Trainee: 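Here it is, the structure, as structure tokens.
A, B, ... follow the sequence lines: proteins, then strands. Residue 1 opens every chain. This is a predicted model, so every value here is computed, not measured.
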2 protein chains.
Amino acid sequence: MARTALTRDEVLETAAALVRQHGPAALTMRKLAAELGTAVTSIYWHVGNRESLLDALVERTVADLGAIRPRGATPAERIASVARALRRDLRAHPHLVAMVHERGLTERMFLPAQRVLVHEVHAAGLRGARAAGVVRAIQFHVVGHVLVERNRERSPAQSPAEEDLWAVETADRDPALARALARPVDTERLFATTVRALVTGLLETAD
Amino acid sequence: MARTALTRDEVLETAAALVRQHGPAALTMRKLAAELGTAVTSIYWHVGNRESLLDALVERTVADLGAIRPRGATPAERIASVARALRRDLRAHPHLVAMVHERGLTERMFLPAQRVLVHEVHAAGLRGARAAGVVRAIQFHVVGHVLVERNRERSPAQSPAEEDLWAVETADRDPALARALARPVDTERLFATTVRALVTGLLETAD
DNA sequence: ACCTGAACACCGTTCAAGT
DNA sequence: ACCTGAACACCGTTCAAGT
């Protein structure tokens, strides 16, 4: 009834808040309308439909991702630092990765980082297709890792009794390994070492 | 009406067929019932609800994944071959990865491969936490890569005009790189080189 | 130009009633 | 033990009608 005029921006803002708090699945047109205090159908006038609404949300968040400054002395270290910064940015928007992923906007999301990466890969002495390969490898690795990682956090109880199996089979031969595999994964650390290994391998391997 | 008795197995089989053809989203209880020629509610008696149905489907497919035999002369090559085999198996069930992922069953899915990997990492001379780290790194990398890759196939038109941007900015400095980044990704090749680089890096980097 | 309610075609799930 | 239809509480979306 007594409402100020609804704007597209207000719709996006409220929708973003809902996604932030409860994830994309919880964003229904009806709940959004209730939150806004309008009729469901009003939303359609401003954003078209649910799909374009989500598109706009993703667009917005991607545009807000800050620039990335590489740190470190060697090219390898600088490349790895870009990967780590990228992961940090993505994790700051917990629902973004999955949404970008579903919408096929991975490339777009990567553009700023890509530019930086190209610069560093050049500094490492690579050119042309080799350089492109390294950039792509980092891209895939970061997104892939964040996807896997995010998912583990959502479903904390990983498959029942992994420990049990390992306890029996490996404990006597390599108990330290059995114990390590039974522990929850320290993804922060895993990412750091994996990226370092990957970058090292990529820079030295002939293509 | 004139139907043979409905069995849990028949429900799973038909559901699996629907998922295979149209993906998990297309598996609705009502469509499934229509396909089976029963009332929607009959399905509930056999499988509980949609969620447990999907769980059972995943369970089933994971159990069917074949054993993995490493190939190659060096440990590094054998580890990489396991990663490639794993990727191949996952790609043979296009909807499996996402479903496993959503259900938090990644560990379970990885158990058979994990055993093989541990063996090979041992052969490479690593023990304890170091060895575990390498196994985990491979796990994350393979699942992550397949997730990213699968998704690109689903939404083929990646963000508009990536080429344009690169064409302008980099073309003069490194035209070969600009061209390479504009081309669609050869994921098969990317995976092979990335895994090789990662394994190389992991085996030689001190932890 | 913007907003509305009614209506349509879908969902998953529960439940009392049948055999 | 197994199957059923009716009913409930949800969805996204369209559309004619309002101002």
Trainee: Between C:dT4 and A:Ser42, is there an OP1 or OP2 to side-chain N/O distance shorter than 4.0 Å?
Mentor: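 Checking A:Ser42 against C:dT4: at least one side-chain N or O falls below 4.0 Å of OP1 or OP2.
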Trainee: Could you check how far CD of B:Glu51 sits from P of C:dG12, rounded to whole Å?
Mentor: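 Nearest whole value for this atom pair: 11 Å.
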Trainee: Please list all pairs passing the side chain to side chain donor-acceptor pair (under 3.5 Å) test where one or both residues lie in residues 17-42 of chain B, with sequence neighbours left out.
Mentor: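 The answer is none; no pair qualifies.
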Trainee: Could you point out which residue of A:Val118, A:Val135, A:Val121 forms a side chain to side chain contact (heavy atoms under 4.5 Å, CB included) with A:Leu126?
Mentor: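 Only one option passes, and that is A:Val121.
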Trainee: Go ahead and write out DNA chain D as dot-bracket, 5' to 3': ( ) for pairs within the strand, [ ] for ones crossing earlier pairs, | when the partner sits on another strand, dots for unpaired; Watson-Crick or G-U wobble, both distances under 3.5 Å.
Mentor: ||.|||||...|||||.||
Trainee: Under a 4.5 Å cut-off applied to non-hydrogen side-chain atoms, are B:Phe110 and B:Leu117 in contact?
Mentor: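 When only atoms from C-beta onward are counted, B:Leu117 and B:Phe110 do not touch, as no gap falls below 4.5 Å.
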Trainee: If a pair satisfies salt bridge (charged side-chain N to carboxylate O under 4.0 Å, His left out) and one of its residues is in residues 39-58 of chain A, list it, with sequence neighbours excluded.
Mentor: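 For residues 39-58 of chain A: A:Glu51-A:Arg103, A:Asp55-A:Arg103.
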Trainee: Report yes if some heavy atom in the side chain of A:Leu32 is under 4.5 Å from a heavy atom in the side chain of A:Val40; otherwise report no.
Mentor: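 Side chain of A:Leu32 against side chain of A:Val40, heavy atoms only: no contact under 4.5 Å found.
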Trainee: Are there any protein N/O atoms within less than 3.5 Å of an N/O atom in nucleotides 8-11 of chain D, and if so, which ones and at what distance?
Mentor:
from: D:dC11; atom 1: N4; to: A:Arg30; atom 2: NH2; distance (Å): 3.4

Trainee: Who pairs with B:Arg150 by salt bridge (charged side-chain N to carboxylate O under 4.0 Å, His left out), at least two apart in sequence or on another chain?
Mentor: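 Only B:Glu153 meet the salt bridge (charged side-chain N to carboxylate O under 4.0 Å, His left out) criterion with B:Arg150.
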Trainee: Any heavy-atom pair between the side chains of B:His119 and B:Val116 that's under 4.5 Å?
Mentor: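 Sidechains of B:His119 and B:Val116: no contact.
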Trainee: Roughly, in whole Å, what's the span from CG in A:Asn49 to C1' in D:dT14?
Mentor: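 Interatomic distance, CG of A:Asn49 to C1' of D:dT14: 12 Å.
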Trainee: What pairs with A:Asp64 under side-chain hydrogen bond (donor to acceptor under 3.5 Å, both in side chains), at least two apart in sequence or on another chain?
Mentor: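 Scan of A:Asp64 (side-chain hydrogen bond (donor to acceptor under 3.5 Å, both in side chains), adjacent residues dropped) gives none.
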Trainee: Taking only the side-chain heavy atoms of B:Leu6 (C-beta and beyond), determine which of C:dT4, D:dC3, D:dG12 contains the nearest atom.
Mentor: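 Nearest listed nucleotide: D:dC3.
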Trainee: List in chain and number order the residues that pass side-chain hydrogen bond (donor to acceptor under 3.5 Å, both in side chains) with B:Glu59, two or more places apart in sequence or in another chain; answer none if no residue qualifies.
Mentor: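 side-chain hydrogen bond (donor to acceptor under 3.5 Å, both in side chains) check on B:Glu59 returns B:Arg108.
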Trainee: For residues 77-88 of chain A, please give each side-chain donor-acceptor pair under 3.5 Å, one per line with the distance, not counting sequence neighbours.
Mentor:
from: A:Glu77; atom 1: OE2; to: A:Arg84; atom 2: NH2; distance (Å): 3.0
from: A:Arg78; atom 1: NE; to: A:Glu120; atom 2: OE1; distance (Å): 2.9
from: A:Arg78; atom 1: NE; to: A:Glu120; atom 2: OE2; distance (Å): 3.3
from: A:Arg78; atom 1: NH1; to: A:Gly72; atom 2: O; distance (Å): 3.2
from: A:Arg78; atom 1: NH2; to: A:Glu120; atom 2: OE2; distance (Å): 3.2
from: A:Ser81; atom 1: OG; to: A:Arg71; atom 2: N; distance (Å): 2.9
from: A:Ser81; atom 1: OG; to: A:Arg71; atom 2: O; distance (Å): 3.2
from: A:Ser81; atom 1: OG; to: A:Arg78; atom 2: O; distance (Å): 2.8
from: A:Arg87; atom 1: NE; to: A:Glu149; atom 2: OE1; distance (Å): 3.1
from: A:Arg87; atom 1: NE; to: A:Glu149; atom 2: OE2; distance (Å): 3.2
from: A:Arg87; atom 1: NH2; to: A:Glu149; atom 2: OE2; distance (Å): 2.5

Trainee: Using a cut-off of strictly less than 4.0 Å between a heavy atom of the residue and any atom of DNA chain D, enumerate the qualifying residues of residues 9-17 of chain B by number.
Mentor: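 The answer is none.
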Trainee: Can you give each donor-acceptor pair under 3.5 Å made by side-chain atoms of residues 9-18 of chain A, sequence neighbours left out, with the distance rounded to 0.1 Å?
Mentor:
from: A:Glu10; atom 1: OE1; to: A:Arg3; atom 2: NH2; distance (Å): 2.9
from: A:Glu10; atom 1: OE2; to: A:Arg3; atom 2: NH1; distance (Å): 3.4
from: A:Glu10; atom 1: OE2; to: A:Arg3; atom 2: NH2; distance (Å): 3.1
from: A:Glu13; atom 1: OE1; to: A:Arg60; atom 2: NH1; distance (Å): 2.9
from: A:Thr14; atom 1: OG1; to: A:Glu10; atom 2: O; distance (Å): 2.9

Trainee: Less than 4.5 Å apart, side chain to side chain, heavy atoms only: is that true for B:Trp45 and B:Leu6?
Mentor: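 Counting from C-beta outward, B:Trp45 and B:Leu6 never come under 4.5 Å.
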Trainee: Do the side-chain N or O atoms of A:His46 get closer than 4.0 angstrom to the phosphate oxygens (OP1, OP2) of C:dC3?
Mentor: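 It does, given that an N or O in the side chain of A:His46 lies less than 4.0 Å from OP1 or OP2 of C:dC3.
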Trainee: What is the distance, rounded to the nearest whole Å, between atom OH of B:Tyr44 and atom C1' of D:dA7?
Mentor: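 Those two atoms, OH and C1', are 14 Å apart.
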Trainee: With sequence neighbours left out, what residues match B:Asp186 under side-chain hydrogen bond (donor to acceptor under 3.5 Å, both in side chains)?
Mentor: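 Partners of B:Asp186 under the side-chain hydrogen bond (donor to acceptor under 3.5 Å, both in side chains) test: none.
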Trainee: Can you check nucleotides 15-19 of chain D for protein contacts, nitrogen or oxygen pairs under 3.5 Å, and list what you find?
Mentor:
none

